[in-house]
Amino acid sequence: MINADFWKAFARNKGAVFGLVILAGILVLAAFASVLFPGDPWDMATAPFQPPLSDGSPLGSDMLGRDIAAGIAHGARVSLLIGLTSTAAALAIGVTLGALAGFHGGRVDDAIMRFTELFQTIPNFVLAVVLVAIFTPSLTTIVAAIAIVSWPPLARLARAEFMSLRTREFVQAAITTGQSNSAIILRQILPNSLSPIIVSASLMVATAILLESSLSFLGLGDPNAMSWGYMIGAARTVIRQAWWMSFFPGLAIVLTVLALNLVGEGLNDALNPKLARSRG
Amino acid sequence: MTRRISGLTLGFPTGFQRAAAAGLLAAVLAIPALSGITAAPAAAQETPVKGGVLNSIVQPEPPTLMLGLNQQGPTQTVAGKIYQGLLTYDQKLEPMPSLAKSWTVSPDGLTYTFKLFENVTWHDGKPFTAKDVVFSTSKFLMEVHPRARAVFARCESITAPDDLTVEFKLKEPFPAFLQSFEVSSAPMVPAHIYEGSDFRANPANATPIGTGPFKLKEWVKGSHIQLVRNEAYYKQGLPYLDGITFRVIPDAASRSLALESGQVQQTQYSDVEPFEVPRLKALPNLDLSTKGYEFVAPLSWLEINHRVKPLDDKRFRKAIAYAIDRKFIRDKIWFGLGRVPTGPINSVVKFYDPKVTTYEPNVEKAKALLDEMGLKPDAKGVRATVKIMPMPYGETWTRLGEYLKQALGKAGIAVTLESTDAAGWSQRVANWDYEITTNFLYQYGDPALGVARTYISDNIRKGVLFTNTMGYSNPKVDALFASAAREIDPAKRQADYSEVQQILADELPVVWLLEMEFPTFLDKRVKNANKTAIGVNDTYEDVWLAAK
């Protein structure tokens, strides 16, 4: 699937390439955070309320003298970690349930879809806030809460794909040759339904990062992990005195989410067979 | 010999005679002032003018204004204008007259006699007499007010020899008794309304009837509480103000804006967040004062659970004290509001003694103490791990938690921060389910009332908040607090309290962080406000508004 054609199609979307570059930059920043900014981002390294470009703190310092740049680099780790793991968890739940519902149909489908609707009727963010508040904020509970509120659309998507592929000839052939249900699901249908799932998963990473930032902004982040949402939430009250404390982490969130959306769009173009055909 | 303190001759700066004279003067001077031909504007400015409405903030909105039933901060600020106690206190915590004109204490320290002002009436027109005082202190408050119950349970009898005299006879001497009569500690309630009723369910609770200079006119829930002048107030010519309106403004930024725009002329306690104080202080129309909180005198500390190892070792607690920089906490987290404490008694409270062991920030000393305990650093430099659960009272306390984590980390004490909500915090602290938390308590003007409760072993009571939740126990400390509470000779009391302060400062049952100060902002037009130890909670009978 990922071959020269794919890259050609992907590169045709200039925005996607731009997004990929930004995303790579953020990944590098996260990976080398402890090299670029050794020590703890919570350390009160300089004087409080230092504006950007002052000595030792390129992006300024916050109200306790913590370096904003170090916070953004270390926060990138937390944001990406939470974005990726919660999406992976949501994928595992959503695709499994969607696949079972779409493949088996009938009562299994009914049962699973009613269960999914139960989650879809509750507003995402409210449920996430309640879950994190009940299970006390930590990285694990935040990932779990985001995964729990994000899987229903994936389940719906996987179900639709499975229902349509279930009736195709290659699947019918596999059934006639006596392959087991699990083999058909995993080896026949799943690989053929991956494209839309990958596209929506890439967008879901962006949503997860936003969700985590919103939770941290409200003070429901892991109190031991530096994150962008926390930085904005903490600096919100002094915004009239010190704009930089909330501006730079906000910029980091905007760039990351934008990059992920652009990449998601590029993936959509590259993986969508209809679009590929129209390109000739 | 009887020690007699007469309100009319001593310590009566806000009293009846002077106020009446000032009122007359105001009436005379008001005429030229109005016609705009004042020769000496400065002098005219300082003469009280009648009229005008003071606007302030009440936050959060109180559940009731019946002060006997509820003594939360916002209730006190509003209801302190409606109800009165027998006494109020100046900013050195010396008693001043309120409903009591004068008082005497017998030489054996067992009998307290109060003489009441004449012609005092309740807001419904019925006369206020000594019977109301006896009913309030021996029946009403005993049933519904825990802090008053602890004080008045010490009385053998409370009697009214005549309509203007009340006599309290104590079972044993308790000099702090005289500090227990301010309006929130012992508000006077009308016997003719409450006698024989279910106090908590009495319909009159919704329409509070007190003796104070202001009456409740209107309370629109979620919007404002409007008080108006009590025309029948027993001090002639008072109050000056036509009324006081307290606005409910739940959002902190909006509260600061209301003050900035002149919509309100006064804020108190936590209305304005510490980080806003430097900005508002610079405004030309506002005065900032941190006085007027001497009676509550809050002291905050790191509350340490002595049931958890190694927190039971005083060397470990000392290491914590050396590892933190309390000046940094005061200057950077509280934006300069507060004083660095030395021991268990707030420096504005009586019997404070600064001559105790103090702990300047010194990480090396902290490490040395941990070494001595055998807590050696591991590969990551960690000697011990503790959990800190910051108080969920807003972001200043969250910042404090983050600071503590970093500061203790430098000494090799790794900190895991726990977050919780207000209900969870109360429940966990009361049931001893914590390692370290931050906390602050009011001291109520006397160590016997507000300090001893945290350290004496009698007060280790599971499930009850603001007791000795650390589980600290030292028989010597118990004995000193007990004897100081009974001692009537002030010099001997001081000796007991000095000794107990030295012991506590050496054993550090808690690590004191900050003598907290609250900012009171007053518009420069507001005169005579915030002069006593209860500051904004006082009656405001002689507060007046200068012309714009």
Side-chain angles (χ1 to χ4, degrees), chain A residues 34 38-50 61-67 70-71 74-75 129-142 145 215-227 229-243 245-246, chain B residues 251-257 260 272-280 282 324-325 328-329 331-336 361 380-382 385 387-390 392-410 414-425 428 433:
Chain A
S34 0
D40 193 337
W42 294 94
D43 247 352
M44 287 121 202
T46 54
F49 284 96
Q50 290 291 305
S61 67
D62 77 356
M63 51 281 184
L64 291 185
R66 296 172 294 210
D67 189 11
H74 287 264
V129 166
V130 170
L131 287 173
V132 172
I134 291 176
F135 296 107
T136 68
S138 73
L139 286 182
T140 327
T141 54
I142 293 168
L215 286 171
S216 302
F217 177 81
L218 292 180
L220 286 169
D222 184 334
N224 298 293
M226 179 63 82
S227 89
Y230 158 79
M231 293 171 79
I232 300 177
R236 164 182 58 118
T237 46
V238 288
I239 196 162
R240 290 173 69 172
Q241 290 104 305
W243 57 271
M245 292 182 200
S246 34
Chain B
D251 176 58
S254 309
R255 289 198 294 276
S256 302
L257 267 178
E260 232 177 316
V272 168
E273 303 274 349
F275 54 80
E276 294 271 30
V277 171
R279 192 169 62 80
L280 294 173
I324 56 181
D325 181 351
F328 182 92
I329 293 176
D331 294 337
K332 303 301 177 205
I333 302 179
W334 262 269
F335 291 83
K380 283 181 175 166
V382 175
T385 304
K387 290 187 188 138
I388 296 187
M389 176 171 69
Y393 278 24
E395 66 171 290
T396 306
W397 296 93
T398 312
R399 287 298 91 69
L400 175 63
E402 289 159 9
Y403 167 75
L404 291 169
K405 180 182 159 97
Q406 291 315 114
L408 296 186
K410 292 214 166 58
V415 172
T416 312
L417 291 175
E418 299 179 283
S419 36
T420 171
D421 58 2
W425 181 86
R428 286 186 59 185
D433 175 23

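Just so we're on the same page: letters track the sequence lines, and every chain starts at 1.
- Proximity to chain A is absent for every atom of B:Thr420, based on heavy atoms less than 4.5 angstrom apart.
- B:Phe275 approaches A:Gln241 most closely through the heavy-atom pair O-NE2, 3.1 Å.
- Although no hydrogens or angles enter the test, the distance criterion places a donor-acceptor pair under 3.5 Å between the side chain of A:Asn224 and the main chain of B:Leu417.
- Residues B:Lys332 and A:Met63 fail the side-chain proximity criterion, which asks for heavy atoms closer than 4.5 Å.
- Ion pairing between a basic and an acidic side chain is recognised when a charged N comes within 4.0 Å of a carboxylate O; A:Arg240 and B:Glu260 show such pairing.
- Taken to the nearest 0.5 Å, the CD atom of B:Glu402 stands 6.5 Å off from the CG atom of A:Leu64.
- Within the 3.5 Å criterion, the main-chain N or O of A:Asp40 finds no donor-acceptor partner in the side chain of B:Gln406.
- For B:Lys410, the NZ atom is densely surrounded, since the number of other residues' heavy atoms within 6.0 Å is greater than 12.
- For chain B, the nearby parts of A:Ala234 are the backbone and the side chain; heavy atoms of each come within less than 4.5 Å.
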